[in-house]
**Q** 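Right, I'll just put the structure down here and ask away after.
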Amino acid sequence: MFNKEQQLIETKIREFCAANDIPLAELKWQPIPFSGEWGFATSFFQTAANEARTGKSGKPVPLRAQEMAEQVKGQIGTVEGISRIDAVKGYLNLYFSTAAYASRVVGEVLASGPDFGRGTKKNERVMVEYAQPNTHHSFHIGHARNAILGEVLARLVEFAGFETIRASYPGDLGLGVITVMWIYDKLYKGQEPSGVHERGQWLAKLYVEATAMLEKKEDETPEQTAQREAYDAERREMYRKWDAGDATVRELWHRTREWSLEELRDILGILDIKIDVWFYESEVDEPSKVIIDELIQKNIADDERPNGGAVIVKIDEKLGLTKDKYRTAVVLRSDGTSLYLTKDLALAKVKFEQYHVDRSVYVVDFRQSLHFEQAFKILEMWGFPQASNCYHLSYGYVTLPEGAMSARRGTVALFKEVYDEAIKRVLQVETEKSADIPAEERQKIASQIGLGALVYSMLAVDNNKHIVFDINEALSFDGRTGPYIQNAYVRANSILKKANIQSFKAANSQNFDYELTKHEIELIEQISRFPQTVEQAANEYRPLVMASYAYDLANTFHSFYHAVNVMQTTDEKTRNARLQLVMAAKQTIENALRLLDIQSPDVM
RNA sequence: GCCUCCGUAGCUCAAUGGACAGAGCACCUGCCUUCUAAGCAGUAGGUUGUGGGUUCGAAUCCCGCCGGAGGCGCCA
């Protein structure tokens, strides 16, 4: 936000160093800590260390750095917009003129509104692939982490200026799917419940029951063994028919799959996720087999089928690596059927050639790391330059306090159940604290707050950390939580409501020419950091960066709220400036929450 | 056996080469006749698993060890 001043000072520093034969290191700027005043800073440690290496100065590095900072300070003189310059502990600190800085920050927020913080348009297209649950199961809290992470990442890169395509890739084939179809057809035909979620969850229960029926037990009798084997034969037969395109089985598959997809679409709706492109595993199955011939022809893949083997890619060997890194990947089974990797290669080709994506992000848990390293490397060998812009956003999976979730055993925390519980808990708090809000409005707010808590809890840990899902922690409304941030928004809104102000667009003359309190200064500084936070979070593919920022901003606002009573400010000009600051804070909180896929309720 | 990730306050997590390692929860002390107390202010809590190395400077980078999780040619 202050590039102009920064550029000017950088130039002066360069001139000074050139004139004095000082080997200047790369200039890195950072905000000055513990300020009651704001500004930016750079240090001279690296430069002093560089100089020491040339043997020019015998002084200890910190001392020499401080000396340089002082000399530079003397050289810069006065700069418009900069009130004073300090040399402290090897750092050069530049402080902004308060009134000018304040009105520039607040003015920019009010002028840009919902676009405050939006990055300049980049001429690159990014596809984010997330929401890849298997059909015929039910959406659990682990899927929710994936969907939330993917959606927030998409929002971040989109806001940072990239053209963004959201892709979902449900797994709609395989033995698990057939297992559910088998038990449905055998025992439960026509017995499905009618509600979307009830039916989706019911399918998950069938899967658990079917798995139990088909699983080998420890001390089973010969009759039980025969029974189990007979069941398994039925299931295999159904799989064979599916594969052969049998009309009845295909119809059953379509119908039951739709039940899962209906539930998925409904949950994505709850999470305000709008997928642009749906890839189904079943649709890339056939095309994926075709690409294998090309890989063999290009001498990337080796066909061991004549010797009873599979089609493999000896990645390390082809690359001339002596140590195990990418290892050997099987890209086609010996019987000619495709694998996970086969399909991902085919899908990547579609993404590159049909959707012309420059970057491709895969939001998938960390257990698939090797799989994606192999996939990306094969794509590179295949000749796709975009392969180097493929990124596996790996994240730790969600477990329950009692251990890993298992769809087979039915030990999962279902998203819908957690969501319903969240609403229930918020409504309870609402009845205690906000009895004045009309009942029908309360319901809507409860879902916004409940979801805010849940979503934030998924975003407030870094990608590579596992989450042990504790419902009481996830649905906490106190402290570092979604509702805490939403509450800051509500309080800002409450002040503006009391002042009866909707917008300052008509009369935007921010006049901060008064003695600003420490709280106002910190709030303005925090707001000014939003654009660079967007950039950082998008560049690093890290929603946590934005989640942390949103909390810090809310925290600063809450402190300001207590320390400075806006409506009781007697001086009218000061009160107006403060109202504009409140509006800028409200807008920034709203923008940050929107990127985090959390709604901003007007009251709570 | 090899590879990847993780180890920071009692607990859950921030800080990824720079200024005194910060938050929340839990504990303790204050603050609602004042714009919403889902809040604020304060106290307390640390040899950043461990031993070396690199650097002017290391929680951060490199190597060893200990502990945990995950992966390693026909599951996804």
Side-chain angles (χ1 to χ4, degrees), chain A residues 28 30 32-34 41 43 45-46 48-50 52-53 59-65 88-91 93 132 134 171 173-176 281 304 309-315 323-335 337 339-341 343-344 364-371 373-374 394 396-397 399 426 429-430 432-434 436 449 453 457 460-462 464-468 470 473 476-481 483-484 486-488 490-499 540 544-545 547-548 551-552 555 558-569 579 582 603-604:
Chain A
K28 281 181 282 191
Q30 54 177 295
I32 303 169
F34 1 98
S43 74
F45 296 113
Q46 192 60 56
N50 288 356
R53 260 179 229 114
K59 288 177 188 157
V61 168
L63 206 71
R64 178 65 182 130
V88 184
K89 294 180 187 171
Y91 285 83
N93 293 341
Q132 313 99 328
N134 289 329
L173 58 76
L175 197 59
E281 210 181 325
E304 294 186 336
V311 181
I312 60 171
V313 180
K314 294 176 180 169
I315 308 176
K323 284 210 303 201
D324 281 356
K325 183 165 170 77
Y326 301 102
R327 297 171 179 267
T328 295
V330 177
V331 291
L332 198 68
R333 285 196 189 94
S334 49
D335 65 3
T337 55
L339 288 144
Y340 184 42
L341 184 56
K343 284 170 260 195
D344 250 330
V364 183
D365 88 55
F366 82 112
R367 285 172 293 190
Q368 264 93 80
S369 297
L370 180 60
H371 162 82
E373 281 174 36
Q374 292 179 328
S394 144
Y397 55 71
T399 61
V426 182
V429 179
E430 293 272 286
E432 286 167 23
K433 303 195 176 186
S434 313
D436 51 321
I449 307 290
S457 76
V461 287
D462 216 341
N464 58 8
K465 282 259 173 21
H466 293 213
I467 293 179
V468 178
D470 178 330
E473 277 174 37
S476 162
F477 310 136
D478 302 321
R480 204 172 191 286
T481 65
Y484 175 94
Q486 290 171 312
N487 188 36
V490 164
R491 289 174 132 187
N493 193 52
S494 167
I495 295 172
L496 296 168
K497 218 164 39 186
K498 179 140 185 175
E540 297 177 2
L544 167 70
V545 170
S548 300
Y551 172 77
D552 291 340
N555 180 243
H558 277 304
S559 299
F560 161 82
Y561 180 91
H562 269 270
V564 181
N565 193 310
V566 176
M567 290 314 289
Q568 286 188 356
T569 305
L579 281 167
V582 169
V603 288
M604 66 188 272

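Below, read A as the first sequence line, B as the second, and so on, with proteins coming before strands; counting in each chain starts at 1.
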**Q** Ignoring hydrogens and angles, answer whether the base of B:rC40 and the side-chain atoms of A:Ser559 contain a donor-acceptor pair closer than 3.5 Å.
**A**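 Absent.
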
**Q** Is there a donor N/O on one and an acceptor N/O on the other, under 3.5 Å, for the side chain of A:Gln46 and the base of B:rC56?
**A**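 Per atom types, the contact qualifies.
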
**Q** Pick one for B:rC72: is it syn, with its angle within 90° of 0, or anti?
**A**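 Anti, which is what one calls it when the glycosidic angle falls more than 90° from 0.
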
**Q** Taking only the side-chain nitrogens and oxygens of A:Lys433, find out if one of them lies under 4.0 Å from OP1 or OP2 of B:rA38.
**A**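 For B:rA38, OP1 or OP2 has a side-chain N or O of A:Lys433 closer than 4.0 Å.
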
**Q** What contact category does A:Arg327 fall into here, base, sugar-phosphate, or nothing, at under 4.0 angstrom with non-hydrogen atoms?
**A**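 Result for A:Arg327 = base.
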
**Q** Quick one: is B:rG73 close enough that its OP1 or OP2 comes under 4.0 Å of any side-chain N or O from A:Arg333?
**A**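 Looking at the OP1 and OP2 atoms of B:rG73, neither is under 4.0 Å from any side-chain N or O of A:Arg333.
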
**Q** Which atoms form the tightest heavy-atom contact between A:His558 and A:Arg491, and what is the distance?
**A**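 Taking every non-hydrogen atom into account, ND1-NH1, 2.7 Å.
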
**Q** B:rC35, B:rA19, B:rU55: which one has an atom nearest the side-chain heavy atoms of A:Ile32?
**A**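 Given the options B:rC35, B:rA19, B:rU55, the side chain of A:Ile32 is closest to B:rA19.
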
**Q** Between B:rG39, B:rA76, B:rC56, which nucleotide has the shortest distance from any of its atoms to the side chain of A:Phe45?
**A**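 The nucleotide sitting nearest to the side chain is B:rC56.
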
**Q** Paired with B:rU33 by Watson-Crick or G-U wobble geometry, both distances under 3.5 Å: which nucleotide is it?
**A**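 Check on B:rU33: unpaired, no WC or wobble geometry under 3.5 Å.
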
**Q** Under 3.5 Å for both donor-acceptor distances, Watson-Crick or wobble: does B:rA58 have a partner, and if so which one?
**A**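 B:rA58 is unpaired by these criteria.
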
**Q** Side chain of A:Tyr561 only, heavy atoms from C-beta on: which candidate in B:rA37, B:rG24, B:rC74 is closest?
**A**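 In terms of side-chain proximity for A:Tyr561, the closest of B:rA37, B:rG24, B:rC74 is B:rA37.
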
**Q** Check the chi torsion on B:rG73 and let me know: syn if it falls within 90° of 0, anti if not.
**A**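 Classified syn.
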
**Q** Please determine, for the side chain of A:Arg367, which listed nucleotide (B:rG71, B:rC40, B:rA14) has the closest atom?
**A**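 Closest nucleotide to the A:Arg367 side chain: B:rG71.
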
**Q** Considering just the side-chain nitrogens and oxygens of A:Tyr397, establish if one lies under 4.0 Å of OP1 or OP2 belonging to B:rG71.
**A**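 Looking at the OP1 and OP2 atoms of B:rG71, neither is under 4.0 Å from any side-chain N or O of A:Tyr397.
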
**Q** Among B:rA38, B:rG39, B:rC74, find the nucleotide with the atom closest to the side chain of A:Phe477.
**A**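 The listed nucleotide nearest to A:Phe477's side chain is B:rA38.
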
**Q** Enumerate the protein-to-nucleotides 4-13 of chain B contacts in which both atoms are nitrogen or oxygen and the separation is below 3.5 Å.
**A**
from, atom 1, to, atom 2, distance (Å)
B:rC6, OP1, A:Asn464, ND2, 3.2

**Q** Determine whether any donor atom in the side chain of A:Glu430 lies under 3.5 Å from an acceptor atom in the base of B:rA38, or the reverse, and answer yes or no.
**A**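 Checked by distance alone, the answer is yes.
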
**Q** At under 4.0 Å between heavy atoms, what does A:Gly176 touch on the DNA or RNA strands: base, sugar-phosphate, or nothing?
**A**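 Nothing, no nucleic acid heavy atom in range.
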
**Q** Report the nucleotide, chosen from B:rC56, B:rC40, B:rC25, that has the shortest atom-to-atom distance to any side-chain atom of A:Asp478.
**A**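 The listed nucleotide nearest to A:Asp478's side chain is B:rC25.
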
**Q** Suppose you measure atom C1' in B:rG57 against the same atom in B:rA21; what distance do you get, rounded to whole Å?
**A**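 That atom pair is separated by 15 Å.
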
